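Here is the structure we will look at, set down as structure tokens.
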Amino acid sequence: RFRFIDTDINIKLSLTGLMNYLQDCSIFQSEDIGAGFSYVQRTKKSWLLSAWNVEVIRRPDVAEEITVATWPYDFKGIYGLRNFAILDKDGNYLVKADSCWFLTDTVTGRPVRPTAEDTDLYPVVEPRMDMEDLPRKITLPMEMKTVGSLPVMKQHLDTNHHVNNVQYVAIACEVLPEGTEVCGIRADYRKAAVLGDVLVIKVALEDSKYIVSLCAEDESVYANIELIIC
């Protein structure tokens, strides 16, 4: 039963609450199998998120019982692929999600190829979930409108001292008109924003979806977010 703080004004699980639960589930799994924060500190390697594809079938109501699940389903080169699901008490899907991660050297900040030690911690025992296989990269429209900017503050950061992946989605959701219902989220993370950076917010509405690009002042992209409208 999710926390009241994770509800929106419609007394349903908010989009950012939903994304946080998915993130928490993968962190809990890593901690449970001995691949959590102490492992990262020892090996100087960490899995970072590259992309989300989230299908929102129904957002649960406050006090509704839910189950959050995750499982890795493949490793390709430097990437690890992982599914997520949120289910109601009867086992019906509320949310389906696909995600792509890459292994990073925490000292140099550069991607590294996983070894057997890294991947054996996450045995692949479940197949990929049946959902649309969308590209990892989000293509931006030719014309986008700049609607504002936001300085990165301490509240946006996670343990990597980067803006947390869910924070980019939360910022993107601010462009939605009141009452807009979202049935899909795609996120394409390009580079990490840190304390003191400024996120320039660019938006376009295209084919029933809001495309939000969060950029640096030099036009380089931190993250592109696609919010699909029901």
Side-chain angles (χ1 to χ4, degrees), residues 1-40 46-49 51-72 82-99 101 126 129 131 150 152-187 189 192-193 195 199 210 212 214 223 225-230:
R1 302 173 76 184
F2 60 86
R3 302 177 304 167
F4 176 72
I5 197 172
D6 293 321
T7 60
D8 64 7
I9 58 175
N10 298 312
I11 326 180
K12 293 181 178 292
L13 180 61
S14 68
L15 291 174
T16 51
L18 180 158
M19 300 293 290
N20 276 323
Y21 285 6
L22 302 183
Q23 178 176 239
D24 285 349
C25 192
S26 62
I27 290 173
F28 294 158
Q29 185 196 24
S30 293
E31 289 292 333
D32 289 346
I33 65 176
F37 290 110
S38 61
Y39 180 85
V40 170
S46 178
W47 290 98
L48 299 183
L49 188 61
W52 275 119
N53 174 25
V54 183
E55 295 179 8
V56 183
I57 300 161
R58 179 177 71 83
R59 290 188 295 126
D61 298 307
V62 68
E64 185 174 346
E65 293 182 14
I66 60 173
T67 297
V68 187
T70 186
W71 60 95
R82 174 184 285 275
N83 279 146
F84 294 80
I86 298 180
L87 307 143
D88 66 14
K89 64 180 181 179
D90 297 318
N92 299 309
Y93 284 108
L94 300 174
V95 174
K96 294 181 176 183
D98 199 3
S99 63
W101 305 69
E126 296 287 342
M129 181 183 292
M131 59 184 299
L150 181 71
V152 173
M153 296 179 284
K154 293 178 182 178
Q155 67 183 17
H156 297 128
L157 306 181
D158 58 20
T159 55
N160 295 309
H161 302 284
H162 301 161
V163 173
N164 182 263
N165 76 88
V166 177
Q167 292 288 340
Y168 292 107
V169 176
I171 294 166
C173 285
E174 291 295 326
V175 310
L176 296 173
E178 189 71 33
T180 302
E181 191 67 25
V182 172
C183 57
I185 302 168
R186 291 176 64 208
Y189 301 104
L195 187 65
L199 304 180
Y210 283 88
V212 183
L214 302 173
I225 311 295
E226 185 178 276
L227 303 170
I228 302 166
I229 309 305
C230 300

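Not measured: the values here are computed from a predicted model.
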Atom pair [atom1] ([X]) and [atom2] ([Y]), whose distance is rounded to the nearest 0.5 Å:
{"X": "Ser30", "Y": "Trp47", "atom1": "OG", "atom2": "CH2", "value": "10.0 Å"}
{"X": "Thr16", "Y": "Leu13", "atom1": "OG1", "atom2": "CG", "value": "8.0 Å"}
{"X": "Arg186", "Y": "Ile228", "atom1": "CZ", "atom2": "CD1", "value": "7.0 Å"}
{"X": "His156", "Y": "Tyr168", "atom1": "NE2", "atom2": "OH", "value": "10.0 Å"}
{"X": "Ile185", "Y": "Leu15", "atom1": "CD1", "atom2": "CG", "value": "4.5 Å"}
{"X": "Ile171", "Y": "Leu150", "atom1": "CD1", "atom2": "CG", "value": "5.0 Å"}

Closer than 3.5 angstrom, by distance alone: can the side chain of [X] be matched with the main-chain N or O of [Y] as a donor-acceptor pair?
{"X": "Arg82", "Y": "Ser99", "value": "no"}
{"X": "Asp90", "Y": "Asn92", "value": "no"}
{"X": "Thr67", "Y": "Leu87", "value": "no"}
{"X": "Gln167", "Y": "Asn164", "value": "no"}

Subject >> With Gln23, the side-chain contact (heavy atoms from CB on, under 4.5 Å) member among Thr70, Asn165, Leu18 >> reply: Asn165

Subject >> Residue pair Ile11, Asp61: steps toward the side chain to side chain contact (heavy atoms under 4.5 Å, CB included) verdict >> reply: CA-CA 6 Å; Ile11 326 180; Asp61 298 307; over 6 Å; no

Subject >> Pairing residues for Tyr21 by the ring-ring contact (aromatic ring centres under 6.0 Å, His included) criterion, not counting sequence neighbours >> reply: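 Checked Tyr21 against ring-ring contact (aromatic ring centres under 6.0 Å, His included); zero matches.
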
Nearest heavy-atom pair of [X] and [Y]: which atoms, and what distance?
{"X": "Cys230", "Y": "Val182", "value": "SG-C, 3.6 Å"}
{"X": "Leu195", "Y": "Val152", "value": "CD1-O, 3.5 Å"}
{"X": "Lys96", "Y": "Met131", "value": "O-CE, 3.9 Å"}
{"X": "Arg59", "Y": "Ser14", "value": "NH1-CA, 4.0 Å"}
{"X": "Asn83", "Y": "Met129", "value": "OD1-N, 2.5 Å"}
{"X": "Tyr189", "Y": "Ala51", "value": "CD1-N, 4.1 Å"}

**OP:** Decide, yes or no, whether a salt bridge links Lys12 with Glu181 under the criterion of side-chain N to carboxylate O below 4.0 Å.
**Re:**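 The answer is no: the pair does not qualify as a salt bridge.
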
**OP:** Decide yes or no on side chain to side chain contact (heavy atoms under 4.5 Å, CB included) for Ile225 and Trp52, but give the supporting numbers first.
**Re:** CA-CA 9 Å; Ile225 311 295; Trp52 275 119; over 6 Å; no

**OP:** Using the side chain to side chain contact (heavy atoms under 4.5 Å, CB included) rule, take Phe84 and Val95 through it: C-alpha gap first, then chi angles, then the decisive distance, then the call.
**Re:** CA-CA 8 Å; Phe84 294 80; Val95 174; over 6 Å; no

Original post:
Is Asp24 close to Val68 at the side-chain level, that is, under 4.5 Å between some pair of heavy atoms?
Top reply: no

